Each structure stands twice: as C-alpha cells, then as structure tokens.
Novice: 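Here it is: the structure, laid out below.
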Amino acid sequence: QVQLVESGGGLVQAGGSLRVSCAASGRTFSSYAMAWFRQAPGKEREFVARIMWNSGATLYTDSVKGRFTISSDNAKNTVYLQMNSLKPEDTAVYYCAATFVGFRGSSWYPKVRDFDYWGQGTQVTVSS
C-alpha cells in the first residue's frame, strides 16, 4: 500500500525560504511521477511542480518558476520542494501526490485527476 507523508511546513515571512518533504513507501517508485499540489482556502487544488522519478524531468507552474525547486532522493524515496522568495499568495496546504507514469512524456502537465495517491498535506503560511 502506497503511503505519502509530508513534513516541513510552517510559518515564514515573505521573502523567506522553506523546504517541504514527502516520504514515499509501499512500492518501487522508479516508474512513478511525483508532484506537489497546493490548496488555499476557498480555492481549488492546483498543480505546483512535478518530477519523473526515473528521468528526473521536472515541470513547474508559471507562478513558481525560478523560486521553487522540486528534487528527489531515490535512496530515501523522498521528494522535496525547496521554496525560496516566498510570497503571501503561496500560503496553502501543500500536498504530495504520486502516479504511475505510463505513456506520459516529459511535457505532461499534471492535473489532480491524474494522481492515484495523496499525502495528508502540510500547511505553509507566508506572512506579509
């Protein structure tokens, strides 16, 4: 059974940095893609970043390009999201998600419905 456990959220001032982690367990993830989504109060869950576990190919939503970096540590089965130059509008619950890559190529833009497994979420709050 796949389990995703996020950690590392918290409160940070605007302009600061935070790193959230997602520890994955329950299977071999080499053929999987991992992603971070976020959901702010009253808003829909939105894609933030994704990484293809075997190739390392990454993709970001435009609003975080140049500020956020997704990475993976295959030995630890852990995916990270390094968030720099944080803004108040980055405040949200951040969710880790996993799905089998299958036919999807490096240009695939993830949607919520593409993912089979989700973590419980971690709160990130950016104060102004």
Side-chain angles (χ1 to χ4, degrees):
Q1 182 175 348
V2 173
Q3 279 196 314
L4 304 175
V5 180
E6 301 100 332
S7 61
L11 173 65
V12 64
Q13 287 190 329
S17 297
L18 206 59
R19 188 179 79 163
V20 290
S21 303
C22 172
S25 61
R27 65 176 61 221
T28 301
F29 290 94
S30 58
S31 298
Y32 274 65
M34 306 294 292
W36 288 96
F37 286 76
R38 66 186 179 187
Q39 189 166 18
K43 294 188 176 182
E44 293 187 352
R45 193 169 297 189
E46 64 171 356
F47 166 72
V48 176
R50 69 105 171 105
I51 187 166
M52 313 286 260
W53 211 299
N54 56 356
S55 68
T58 60
L59 189 74
Y60 300 89
T61 192
D62 286 346
S63 63
V64 308
K65 283 180 182 177
R67 299 190 299 124
F68 290 12
T69 302
I70 188 171
S71 62
S72 63
D73 184 330
N74 291 5
K76 295 182 178 180
N77 265 8
T78 299
V79 174
Y80 304 98
L81 185 68
Q82 177 68 43
M83 301 180 289
N84 299 328
S85 302
L86 282 160
K87 305 175 181 179
E89 51 263 43
D90 294 318
T91 295
V93 177
Y94 282 71
Y95 295 92
C96 177
T99 192
F100 182 67
V101 172
F103 61 88
R104 299 181 178 102
S106 59
S107 62
W108 161 57
Y109 193 92
K111 295 178 174 57
V112 171
R113 63 175 182 264
D114 293 334
F115 289 82
D116 302 308
Y117 306 103
W118 293 86
Q120 81 287 354
T122 185
Q123 177 70 47
V124 172
T125 303
V126 184
S127 63
S128 58

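Bear in mind the structure is a predicted one, so any value in this text is a computation, not a measurement.
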Novice: Under a 4.0 Å threshold between the charged nitrogen and the carboxylate oxygen, would Asp62 count as salt-bridged to Lys65?
Specialist: yes
Novice: When Leu81 is tested against each of Ile70, Leu18, Val64 for side-chain contact (heavy atoms from CB on, under 4.5 Å), which residue passes?
Specialist: Ile70
Novice: For a side-chain contact (heavy atoms from CB on, under 4.5 Å) with Phe68, tell me which candidate from Asn84, Val48, Thr61, Thr58 qualifies.
Specialist: Val48
Novice: For Arg27, enumerate each residue passing the side-chain contact (heavy atoms from CB on, under 4.5 Å) test, keeping only those at least two apart in sequence or located in another chain.
Specialist: Val2, Phe29, Tyr32, Tyr117
Novice: For Ser25, what residues pass the side-chain contact (heavy atoms from CB on, under 4.5 Å) criterion, not counting sequence neighbours?
Specialist: Gln3
Novice: Mind checking who shares a hydrophobic cluster with Phe37, ILVMFWY linked at side-chain heavy-atom distances under 4.5 Å?
Specialist: Phe47, Met52, Leu59, Val93, Tyr95, Val101, Trp108, Tyr109, Val112, Phe115, Trp118
Novice: When the side chains of residues 121-128 are checked against the rest of the protein, which donor-acceptor pairs come out under 3.5 Å, sequence neighbours left out?
Specialist:
{"from": "Thr122", "atom 1": "OG1", "to": "Gly9", "atom 2": "N", "distance (Å)": "3.2"}
{"from": "Gln123", "atom 1": "NE2", "to": "Ala92", "atom 2": "O", "distance (Å)": "3.4"}
{"from": "Gln123", "atom 1": "NE2", "to": "Thr125", "atom 2": "OG1", "distance (Å)": "3.3"}

Novice: Are the side chains of Ser72 and Met34 in contact, using a 4.5 Å heavy-atom criterion?
Specialist: no
Novice: Among pairs that include at least one residue of residues 45-54, which meet side chain to side chain donor-acceptor pair (under 3.5 Å), considering only residues two or more places apart or in two chains?
Specialist: Arg38-Glu46, Gln39-Arg45, Trp53-Asn74
Novice: To check you understand the geometry: which heavy-atom pair defines the closest contact between Trp36 and Cys22, and what is its length?
Specialist: CZ2-CB, 3.7 Å
Novice: Give me the other members of the hydrophobic cluster that Leu11 sits in, counting Ile, Leu, Val, Met, Phe, Trp and Tyr linked by side-chain heavy atoms under 4.5 Å, directly or via other members.
Specialist: none
Novice: Can you give me the closest heavy-atom contact between Thr78 and Ser21, atom names plus distance?
Specialist: CG2-CB, 4.3 Å
Novice: Please confirm whether the backbone N or O of Val5 pairs with a side-chain atom of Gln120, one donor and one acceptor, at under 3.5 Å?
Specialist: no
Novice: Run the side chain to side chain contact (heavy atoms under 4.5 Å, CB included) test on Glu6 and Val20 for me, step by step, so that the C-alpha distance in whole Å, both residues' side-chain angles and the decisive distance to 0.1 Å come before the verdict.
Specialist: CA-CA 7 Å; Glu6 301 100 332; Val20 290; over 6 Å; no
Novice: Out of curiosity, Thr91 OG1 to Leu86 CG, how far, rounded to the nearest 0.5 Å?
Specialist: 8.5 Å
Novice: Answer yes or no: is there a donor N or O on one side and an acceptor on the other, between the side chain of Tyr60 and the main chain of Gly66, under 3.5 Å?
Specialist: no
Novice: Between NZ of Lys87 and OG of Ser63, what distance do you get to the nearest 0.5 Å?
Specialist: 8.0 Å
Novice: If you look at every heavy atom in Ala24 and Leu4, which pair is closest and at what distance?
Specialist: CB-CD2, 3.6 Å
Novice: Heavy atoms, side chains only, cut-off 4.5 Å: are Asp114 and Arg104 in contact?
Specialist: yes
